[in-house]
Amino acid sequence: MSPMRKPAALVASTAVFAAAAIATVMARQRLREARRWARAGAVLRDLQEPCAAPGESGSSVLLKMLVTYVDSLPSGGEKGLFYALDLGGTNFRVLRIQFGGKEQRIVKQESKGVSIPQHLMSRGSNELFDFIAAALAKFVASESEGFHLPEGMQRQLGFTFSFPVKQNSAASGTLIKWTKGFAIDEMVGKDVVAELNKAIKRQGIDMKVTALVNDTVGTLAAGRYVDNDTVTAVILGTGTNAAYIEHMNSIPKWCGPPPESGEMVINMEWGNFKSSHLPLTEFDVALDAESLNPGEQIYEKLISGMYMGEIVRRVLLKMSQDASLFADNVPPKLEIPHILRHGILGIIENTCGKTRKLVVDVCEVVATRSARLAAAGIHGILKKLGRDIASPDKQKTVIAVDGGVYKYYTFFAQCMESTLRDLLGEEVATSVVIKLTEDGSGTGAALLAASYSQRLQAVDD
Ligand code: BGC
């Protein structure tokens, strides 16, 4: 062997060894990769199966079906200046609307949104209501031209309070419990209108609350104002709920003389629905256990915007712990509860296409389940109203919908609509219209304040 050939052989054999070593490392890496994706896929399947399958029979329906004292919806003839205060999530809104009657409808309207500092959602009721009333006072002070309050008349306010309330009249009601991250214990059992009135007084505003409404009821009123065929309203936002118009003889809990219309709007509080037909994944169970209201609002926790992102976060966290989805480190942000309410991009940037695809798959599984469950709820209401079968006169059925999940998440909206179409069948589906009723909860409260005030005036005259 020549001295020249020895190093060459050495080089060659070193190269062969190196190549073999690299190949082994790469093969191991590929194997690890494949295992990683298999594990991530398994987590996705674990999520997918219970998200799609029906559960066992038997259910424990916990719907409150609250009587709202709304026995007639806006006619279009409402006139005058009315205010509304819309409280139901992380923001509240104040509005003023000048209604011009049947011909002119809404003549002028102004509104302002204010976000509620997190700490006010769990302190005392005075702190929360003082904060809200201060914003209302500022808004009232900015009333511009084009809004007319008749001489000697007090400003009137429709109060949209989007939590379960046991109403005692059209303008009073006690809080049954908080939902959606609020936890001011001393408020439970108190009259929410009385609390607001006290805060309004403390601010020195000359204003009277003439209507207390849930956001679903406000949306139903606003929907009816623009389309007479509106029979139900659904909120798909931070929380979820529905309201519909019921015949008095189907409301056994109503005591007292029935209203002239023979009808009453019912606030279903459907977010509290729970059934063994609603299979829960390990992620749902953990989310519920760690929530402010364990065991409650289960349907809402499967559907609404406050929880959808949190379910996704929990799945991605498991994938990154079990399958190193985002390389070797678990992204610290993923460990923060509710971080995905503010979007997913901060978490998935700098990740490969395959990872992103998996993240999108997780989002779609969660959103598909949510949309299908919402469609099933709507189908249930239409069935109750007898609008799930073809009517000989092709009567139109309008469902007023509001809320960020429906408004901004196209995938969700399309999936919900196509599921409802499948449930109804093509023929019936052609007469059913889902109508986005933007800001309906506030507008509806102002409208109901206007119609109550007109009614009271008629009684006085
Ligand atoms: C509340 C309902 C409300 C819904 C939508 C739920 O958490 O219990 O009263 O209508 O959220 O805002």
Side-chain angles (χ1 to χ4, degrees), residues 61-70 84-93 113 115-116 121-122 158-167 173-184 187-188 192-193 211-223 232-244 265-274 287-288 291-308 310 338 341 370 373-374 377-378 381 399-409 412 416 436-445 448:
V61 179
L62 292 166
L63 295 192
K64 293 198 167 52
M65 307 297 274
L66 299 169
V67 167
T68 62
Y69 288 80
V70 176
L85 191 153
D86 188 352
L87 170 68
T90 43
N91 296 313
F92 72 90
R93 268 180 7 107
S115 75
I116 303 176
M121 296 180 181
S122 52
F159 181 23
T160 310
F161 185 74
S162 305
F163 302 94
V165 163
K166 184 182 180 311
Q167 290 205 223
T174 53
L175 174 64
I176 299 172
K177 63 175 187 186
W178 288 107
T179 57
K180 297 178 285 195
F182 279 72
I184 307 171
M187 272 289 294
V188 176
V192 294
V193 174
L212 170 66
V213 301
N214 184 263
D215 51 357
T216 51
V217 180
T219 303
L220 182 55
T232 180
V234 176
I235 299 287
L236 295 157
T238 306
T240 184
N241 190 12
Y244 72 101
V265 174
I266 296 292
N267 164 15
M268 295 178 74
E269 285 296 332
W270 83 3
N272 204 34
F273 179 67
K274 183 155 102 179
L287 178 150
D288 176 47
S291 69
L292 285 173
N293 50 355
E296 290 175 6
Q297 301 292 109
I298 299 297
Y299 189 54
E300 176 163 273
K301 284 172 184 161
L302 299 177
I303 292 185
S304 80
M306 172 154 177
Y307 303 101
M308 250 200 279
E310 177 58 7
H338 291 283
R341 277 176 83 177
S370 163
L373 286 174
I378 296 174
I381 299 176
I399 303 153
V401 179
D402 200 6
V405 170
Y406 180 77
K407 196 155 79 178
Y408 301 120
Y409 196 1
F412 174 96
M416 186 181 93
L436 178 65
T437 310
E438 280 188 89
D439 302 332
S441 48
T443 310
L448 288 169

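Numbering of ligands and ligand atoms starts at 1, following listing order.
- Considering CD1 of I303 and OG1 of T240, their distance stands at 5.0 Å, rounded to 0.5 Å.
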Derivation of the side chain to side chain contact (heavy atoms under 4.5 Å, CB included) call for I381 and I399: CA-CA 10 Å; I381 299 176; I399 303 153; over 6 Å; no

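- Ranked by closest heavy atom to atom 1 (C) of ligand 1, the top entry among G239, A233, S162 is S162.
- The single protein non-hydrogen atom nearest to atom 11 (O) of ligand 1 is K180 NZ, 3.2 Å, given as residue, atom name and distance.
- The nearest pair of heavy atoms linking M308 to Y409 is SD-CE2, 4.5 Å.
- Counting only N and O atoms by type, the side chains of N241 and D215 include no donor and acceptor under 3.5 Å apart.
- A heavy-atom separation below 4.0 Å is found between P164 and ligand 1.
- Atom CZ of residue F273 and atom CG of residue L63 lie 6.5 Å apart, to the nearest 0.5 angstrom.
- At a 4.0 Å heavy-atom cut-off, ligand 1 does not touch N272 at all.
- The distance criterion of under 3.5 Å between nitrogen or oxygen atoms is not met by T216 with respect to ligand 1.
- Residue nearest to atom 7 (O) of ligand 1, selected from V234, T179, N241, V165: T179 (by heavy-atom distance).
- One side chain, D86 or S441, offers a donor N or O that lies under 3.5 Å from an acceptor on the other.
- Using a 4.0 Å cut-off to heavy atoms of F163, the atoms of ligand 1 that qualify are 9 (O).
- Which parts of ligand 1 touch Q297 is read off a 4.0 Å heavy-atom cut-off, strictly below it: atoms 7 (O), 8 (O).
- When every heavy atom of W270 is checked against every heavy atom of G377, the shortest pair comes out as CZ3-C, 3.4 Å.
- Looking at atom 5 (C) of ligand 1, its nearest protein heavy atom turns out to be D215 OD2, 3.3 Å.
- Comparing E269, K301, E300, M306 by heavy-atom distance to atom 9 (O) of ligand 1, the nearest is E269.
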